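Remember, it's a predicted structure, so these values are computed and weren't measured experimentally. Start at 1 and go down the list; that is how both ligands and their atoms are numbered.
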Amino acid sequence: MVDSLKILITGGAGYIGSHACVVAAEAGYEPVVLDSLINSNPIAIQRVGDIIGEKPVLEVGDVNDRAFLDQVFKRHQFAAVIHMAGLKAVGESTEQALRYYSNNVGGAMALCEAMAAHGVGNLIFSSSATVYGDAAEMPVSEAAPRSATNPYGMSKLMVEHILEDQVKADQHTQQHFWNIACLRYFNPVGAHPSGKIGEDPRNIPNNLAPYIAQVAVGKREQVSVFGDTYTTIDGTGVRDYIHVMDLVDGHIAALNYLLKRESGFSAWNLGTGKGYSVLQMIAAFEAACGKPIPHQIMDKRSGDIAECWADASKALSDLGWRATRDLEEMVADAWRWQENNPDGFGQ
Ligand SMILES: NC(=O)c1ccc[n+]([C@@H]2O[C@H](COP(=O)([O-])OP(=O)(O)OC[C@H]3O[C@@H](n4cnc5c(N)ncnc54)[C@H](O)[C@@H]3O)[C@@H](O)[C@H]2O)c1
């Protein structure tokens with residue numbers, strides 16, 4: 001019997017993936033997680049089980065391992081794949097370029113080959129606003145020119161191009177097999193409101209929100225604010241922060257859309273359409289946790305852009321999806337997770 005509601009979530013033990021498992025299950029899908037656990041902890045999957053009442057199946061292995069993928073696709077019949085597995089640290093990617101291309105680009109290709117071999121054509125790919133490079137106009141729409149300033153961003157851009165070409169090749173040959181969405185995430189923050197799952201960086205956090213949360217909980221001394229002379233509201237960098245629950249809701253909207261469409265390629269921005277500065281983020285966290293967050297202004301970092309926020313109107317018109325949670329809710333949920341789990345899932 002075709003188990004039409006099973007969804008494979010690669011990278012599903014990670015920050016965004018664990019939240020995606022929750023909303024997928026709540027929307028009536030059965031999430032199956034494939035993860036190498038290179039940047040995650042299997043306890044996250046247990047906690048997902050606590051939230052949804054049933055622990056998702058976890059297939060531990062590498063998305064680059066084609067023989068392993070074949071076994072997984074033989075064991076389960078998937079209606080669609082959400083491909084989140086990947087390495088994501090921009091700084092690290094500049095020092096380990098080959099590893100990033102091999103993991104992120106090689107992984108996507110191995111996955112697509114396995115999908116084709118097993119007759120699964122519906123794919124959602126975790127892309128990023130980083131594919132817009134240093135965008136000239138704000139808000140940035142899906143039609144903006146794409147470029148990359150580091151190997152991580154380039155790996156996302158390369159996968160987008162590969163997937164686009166795959167769909168074009170399909171159309172040339174009248175196959176109508178591939179049905180693909182690239183979701184360009186802005187800056188996911190926050191956690192599930194239960195406080196049971198959240199972002200659990202292994203080393204020094206690369207992103208602002210978990211860094212602030214770790215300072216708030218006393219694990220780190222102070223937040224470094226890189227630059228206060230940008231032409232923004234207060235001189236510090238402005239980004240479009242989106243609650244991780246809104247972000248994963250966007251995946252369900254995209255999934256529902258794909259399952260009604262035969263084939264094609266689409267890209268959607270998942271952002272709120274509103275930007276906040278670093279100092280505004282710090283102030284919001286201070287309000288949530290009721291204590292001051294020590295921070296220090298440092299020099300600008302090379303490669304950082306002044307501001308970036310999404311034109312999120314395409315996702316609203318095509319998918320009927322929009323972010324609904326505000327900054328207060330993002331930081332309250334991030335803080336609840338951090339306060340309840342000062343050591344994350346415990347390494
Ligand atoms: N968090 C962000 O700010 C952000 C922004 C834009 C895009 N993204 C993308 O979203 C996806 C999920 O990000 P996240 O923040 O949840 O990161 P994460 O590191 O928490 O999750 C990624 C998961 O993928 C797994 N993984 C990595 N390489 C793998 C491989 N070769 N085989 C199997 N599993 C592998 C890791 O163990 C981890 O569980 C990534 O592709 C990331 O690039 C994240």
Side-chain angles (χ1 to χ4, degrees), residues 8-22 32-45 48 56 58-66 68-69 72 81-93 96 99-111 114 123-132 148 150-160 182-192 197-203 205-211 239-244 247-248 250-251 267-271 308 310 330 334 344-345 347:
L8 179 65
I9 305 184
T10 75
Y15 169 44
I16 300 167
S18 54
H19 292 79
C21 288
V22 171
V32 171
V33 172
L34 183 159
D35 204 300
S36 65
L37 305 177
I38 191 158
N39 197 38
S40 50
N41 191 316
I43 294 173
I45 297 299
V48 168
L58 170 61
E59 301 278 7
V60 178
D62 199 297
V63 83
N64 277 284
D65 180 345
R66 183 56 211 285
F68 166 66
L69 290 179
V72 172
V81 175
I82 301 181
H83 180 40
M84 295 190 172
L87 299 172
K88 63 165 183 177
V90 171
E92 187 181 69
S93 80
Q96 303 178 16
R99 179 169 172 244
Y100 269 69
Y101 287 121
S102 166
N103 195 72
N104 293 2
V105 182
M109 289 175 69
L111 178 67
L123 173 64
I124 293 178
F125 172 60
S126 293
S127 189
S128 166
T130 192
V131 301
Y132 297 119
N150 55 69
Y152 167 71
M154 185 55 85
S155 75
K156 292 288 174 195
L157 190 49
M158 285 168 81
V159 174
E160 283 207 359
C182 288
L183 301 182
R184 298 179 184 149
Y185 308 167
F186 280 67
N187 298 269
V189 298
H192 188 269
I197 54 172
E199 189 166 8
D200 178 23
R202 287 244 154 136
N203 302 308
N206 296 298
N207 293 333
L208 178 65
Y211 205 108
R239 297 290 180 274
D240 185 334
Y241 296 97
I242 174 169
H243 197 300
V244 67
L247 185 83
V248 293
H251 289 65
W268 288 292
N269 285 343
L270 295 185
C308 183
M330 294 179 213
F345 295 112
Q347 308 295 330

With a cutoff of 4.0 Å, is [X] in contact with ligand 1, counting heavy atoms of the residue only?
X      : result
Thr10  : no
Asn187 : no
Ala44  : no
Lys156 : yes
Pro188 : yes

Which pair of non-hydrogen atoms, one from [X] and one from [Y], has the smallest distance, and what is that distance?
X      : Y      : answer
Ala20  : Met84  : CB-CE, 3.8 Å
Asn104 : Ser155 : ND2-OG, 3.2 Å
Ser40  : Arg202 : O-NH2, 2.6 Å
Ser18  : Val48  : O-CG2, 3.5 Å

Tell me, do [X] and [Y] make a side-chain contact under 4.5 Å, heavy atoms counted?
X      : Y      : value
Ser127 : Val159 : no
Val131 : Arg184 : yes
Ile82  : Thr10  : no
Ser126 : Leu183 : no
Leu8   : Leu34  : yes

- Message: Between Glu199 and Lys88 (salt bridge meaning N to carboxylate O under 4.0 Å), is one present in this structure?
- Response: yes
- Item | Modelled atom types, side-chain donor and acceptor of Asp62 and Ser36, under 3.5 Å | no
- Message: Is it the case that the side chains of Asp240 and Tyr185 hold a donor-acceptor pair, with the cut-off being a distance below 3.5 Å and no angle test?
- Response: no
For [atom], which protein heavy atom lies nearest, and how many Å away is it?
atom                    : answer
atom 15 (O) of ligand 1 : Lys88 NZ, 2.8 Å
atom 35 (C) of ligand 1 : Ser36 OG, 3.3 Å
atom 44 (C) of ligand 1 : Ile16 CD1, 3.8 Å
atom 43 (O) of ligand 1 : Tyr152 OH, 2.7 Å
atom 31 (N) of ligand 1 : Asn103 OD1, 2.7 Å
atom 22 (C) of ligand 1 : Gly86 O, 3.9 Å
atom 19 (O) of ligand 1 : Asn39 ND2, 2.7 Å
atom 38 (C) of ligand 1 : Asp35 OD2, 3.6 Å

Looking at [X], which atoms of ligand 1 are within less than 4.0 Å of one of its heavy atoms?
X      : value
Asn207 : 3 (O)
Val63  : 30 (C), 31 (N), 32 (N), 33 (C)
Leu37  : 37 (O)
Gly61  : 32 (N), 33 (C)

- Task: Answer with side chain, backbone, both or neither: which part of Ile38 has a heavy atom less than 4.0 angstrom from an atom of ligand 1?
- Result: both
- So, the side chain of Lys156 versus the backbone of Ala129: is there a donor-acceptor pair under 3.5 Å, distance only? no
- Query: Using 30° and 60° as the class limits, which term best fits the ring planes of Tyr100 and Tyr152: parallel, tilted or perpendicular?
  - Reply: perpendicular
Close N or O approach ([X], ligand 1; < 3.5 Å):
X      : result
Met84  : yes
Ser128 : no
Ser40  : yes
Tyr185 : no

- Query: Which of these, Ser127, Ser126, Gly153, has its nearest heavy atom closest to atom 7 (C) of ligand 1?
  - Reply: Ser127
